[in-house]
Amino acid sequence: MAVLLPLPLAGAYDYRVPAGCTVCDGQAVRVPLGRRQETGIVWGAGRSGLDPAKIRPLQAVLDHAAPLPEVTRRFVDWVAAYTLSLPGAVLKMVIPVPEALDPPAAQVAWRLSGAEVPGLRQTPARDRVLRTLQTGVPMTTPDLAREAGVSPSVIKGLAEAGLLAEVPFAMDPDLPEPDGDHPGPTLSPVQADAAKELVLALGQGYSATLLEGVTGSGKTEVYFEAIAAALRQGQQVLVLVPEITLTTQWLGRFRRRFGADPAVWHSDLTPARRRRTWRAIADGRARVVVGARSALFLPYQALGLIVVDEEHEVAFKQEEGVIYHARDMAVVRAHLGNIPVVLASATPSLETVANVEAGRYIKVDLPVRHAGATLPTIDLIDIRRFPPEKGDWGQSWLSPPLVTALERTLEAGEQAMLFLNRRGYAPLTLCRTCGHRVQCPQCTAWLVEHRRLGKLQCHHCGHQQPLPKVCPSCGAEDALVACGPGVERVAEEASRRFPQARVELVASDTLAGPQGIAGLLERIERKEVDLLIGTQVLAKGLHFPMLTLVGIVDADLGLSGGDLRAAERTFQVLSQVAGRAGRGERPGRVMVQTFQPDHPVLQAMATGDMRAFREAESEGRRLLRMPPFGRLVAVIVSGETADAVESVARALARQAPQGAGLEVLGPAPAPLALLRGRHRWRLLLKAPREVRVQTVVRQWLGGVACPSAVRIQVDIDPYSFL
DNA sequence: AGCACGCCGACT
DNA sequence: GTCGGCGTGCTC
């Protein structure tokens, strides 16, 4: 019998089933591995080519948990084969909490033992605990501590003294689950039509649908109807979102629609929470799961629908470990599970649009904003014609037209937002005397000044250092100058220009966890913030009716650089940000500062002609046989010694696969030639769509010797070119 | 992933 | 003379 272990091993290992013991596929088993024990999953029959003497017997069957569903197992194999990663590494994503398979720990609650303990010290804290338990209801340690207002150690002390007795406690008390019959809002006719299409697809096997709707068109309400229908059919639903930290508003809407919270899954849940949620998903109690990309791999017992919200977001691409694109793998998962998948976006990716055009996906449109709100007007500001005027605080980044618009908006008592996709104060610190640029010691990247922290930071590896007083290169004093703007710097300018306005800075590193976000959103809703200044985190899904002006500080950022999807991505981000404006009764206005107003991306923004932009972009990719009209595979060679890395990269290039339409670009040092202290070289394989690139790459890499100090990473369908 | 084995530097 | 560094290799 084969057992797949959640470890980076070459494949499943064979074990012997002891006489009198039966196991079935998907069951969790304890097996010996070397001199330790591991938990693995039964993965079909053994391969039997092995020396029988080597095969050891399995130790135990963990049968208190449901076996891993067959779909999940096929999914693991599929993803491993597609991404060229080890199946055990993929299984690790299915079982990210190994304890989840262990027998549930007997949780205990406390009751009064009734014992008399002479000479026991009476303290107010102890009294409160005893009084709390006098109701007779047993309570767990955390609950009791909270209720009595004491720390857990007080309870421990009383238990040791013999005053408290343990009673078994039913763990995982059933939480209220989202209810498909909970009354929902009245949809507009357009929304209702769209929802009907999604609902009809349920239970009809596999289908993939692009739900395309302009920002503010109410896509969420539409796919909520599909979720409701799936719940009524007794199925589980998975909603993948790009960024779980910003789903506060989404969760509120969900709660209102379904009368309860969904299960939430992301990487920084507490271990206990993870374990409970995993089990609830695995045994089908969790009916709706909303999560980041990693939620896709959980072992759903009865998954009936997958929704990928903001389908176009690059955050769905996992760049480390098993490298995969969650949107694409969600479609695969839907296929294997024979269920529908809905991809929702206002600015769908070219990949998805190509799939619609090829007839592989269905398309459902929501062409107008919901509840009579109109789309914002968009003005381009040519920075060359309206350069920002220098203020007494130094350099300035806001052009006169934008400053005027901000003044008017603030005077009218409305809210405004400035967007700049760059954290920190300044992206570069330069010495005026010798021209030295302060670089990260571990990466090929400039250090970004974070003035609030008084530090320089590397955004690639997290390296930090205090802001130097003198130039690290020539020693000149007071010669270091901040170059270019980050959000902090724009916030500084805004505070100077509009001293009466309440300005709030929002970046991924200034958000203090989920509570911080919730508090911020509340302040904005209560209109305690006049001017929001932030990065990408502000772009997604937020809905503020009083926000009428959006200023994009630097629309050109991200257009340069050799990234295949630079234009597409910029267009998506800008549209998304623009979509924050005028979502209520008051019309919105978007002002876009740019040096290249004639660029196709900006023209598309200004005219609103998304179709023309998309077609031009598509045509360009088609001519170059780039995705989605061709396939790419990135091969990244890295290691601590530059020479060893380079020689492996060159060896790979010499052995480059030959064949019809195959092309290998490189080797070349990666744009981030040094990352976390590792030297990096890149090669790029370009292949026609119909080629099985996995076979090609496996043969290619198999023919090149690679010392263990050098690592070769393969990224199928790469998104990042760094 | 862990956990062995193995072969070279600073301590009792 | 040993303790221990982490490089290399294996686990059915």
Side-chain angles (χ1 to χ4, degrees), chain A residues 1-62 67-68 72-73 76-77 79-81 83-102 267-269 271 274-275 278 294 297-299 318-324 442 637-648 651 676-679 701-702 704-714:
Chain A
M1 170 203 58
V3 173
L4 187 62
L5 295 160
L7 299 172
L9 305 171
Y13 278 12
D14 286 358
Y15 288 90
R16 193 157 42 75
V17 184
C21 180
T22 51
V23 290
C24 59
D25 284 349
Q27 248 173 350
V29 287
R30 293 290 288 173
V31 293
L33 182 73
R35 50 187 60 219
R36 63 210 158 105
Q37 288 234 336
E38 290 288 338
T39 301
I41 303 293
V42 178
W43 218 257
R47 295 143 306 157
S48 75
L50 213 66
D51 174 9
K54 272 187 94 175
I55 299 179
R56 301 164 74 184
L58 70 88
Q59 223 51 221
V61 179
L62 279 54
L68 230 52
T72 303
R73 282 179 279 126
V76 168
D77 286 332
V79 172
T83 61
L84 291 177
S85 36
L86 300 166
V90 182
L91 181 64
K92 185 83 211 290
M93 305 197 291
V94 175
I95 317 170
V97 256
E99 321 84 68
L101 295 167
D102 294 341
S267 50
D268 39 51
L269 295 175
R274 275 169 100 68
R275 191 183 162 280
W278 192 92
S294 59
F297 292 93
L298 300 174
Q318 166 82 39
E319 300 278 5
E320 269 161 17
V322 178
I323 300 173
Y324 64 91
Q442 308 244 62
V637 186
S638 69
E640 280 171 30
T641 35
D643 289 351
V645 171
E646 184 181 342
S647 88
V648 171
R676 292 179 242 267
R678 293 178 73 87
H679 298 270
L701 301 192
V704 174
C706 178
S708 63
V710 174
R711 197 168 72 214
I712 301 177
Q713 257 182 316
V714 179

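Residue numbering restarts at 1 for every chain, and letters A, B, ... go by the order of the sequence lines.
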Heavy-atom contacts, protein to nucleotides 1-9 of chain B, under 4.0 Å, summarised as B (base), S (sugar-phosphate only) or - (none) per nt, yield BBSS-----
A:V90 and A:Y324: side-chain contact (heavy atoms from CB on, under 4.5 Å), yes or no, with the steps? CA-CA 10 Å; A:V90 182; A:Y324 64 91; over 6 Å; no
After noting the C-alpha distance and the side-chain angles of A:L91 and A:L68, does the key distance pass the side-chain contact (heavy atoms from CB on, under 4.5 Å) rule?
CA-CA 11 Å; A:L91 181 64; A:L68 230 52; 3.9 Å; yes
Report task. Applying side-chain contact (heavy atoms from CB on, under 4.5 Å), run through A:Y13 and A:L33 and close with a yes or a no. Result -> CA-CA 9 Å; A:Y13 278 12; A:L33 182 73; 3.7 Å; yes
Counting distance only, does the side-chain N/O of [X] pair as donor-acceptor with the main-chain N or O of [Y] below 3.5 Å?
X      : Y     : value
A:D14  : A:R47 : yes
A:R275 : A:V97 : no
A:Y15  : A:V42 : no

A:L4 atom CG is separated from C:dT11 atom C1', nearest whole Å, by 14 Å
Taken to the nearest whole Å, CZ/A:R47 to C1'/C:dC12 is 7 Å
| query | Would you say a side-chain N or O of A:Y15 is under 4.0 Å from OP1 or OP2 of C:dC12? | reply | yes
Give me the distances for all protein-to-nucleotides 4-10 of chain C N/O pairs that come in under 3.5 Å?
{"from": "C:dT8", "atom 1": "OP2", "to": "A:S708", "atom 2": "OG", "distance (Å)": "2.9"}

Which atom pairs, one a donor and one an acceptor, fall under 3.5 Å between side chains of residues 49-61 of chain A and the rest of the protein, sequence neighbours left out?
{"from": "A:D51", "atom 1": "OD1", "to": "A:A53", "atom 2": "N", "distance (Å)": "3.0"}
{"from": "A:R56", "atom 1": "NH1", "to": "A:G34", "atom 2": "O", "distance (Å)": "2.9"}
{"from": "A:R56", "atom 1": "NH2", "to": "A:G34", "atom 2": "O", "distance (Å)": "3.3"}

- Does the pair A:T39 and A:R30 meet the rule for a side-chain contact (heavy atoms from CB on, under 4.5 Å), with working shown? CA-CA 5 Å; A:T39 301; A:R30 293 290 288 173; 2.6 Å; yes
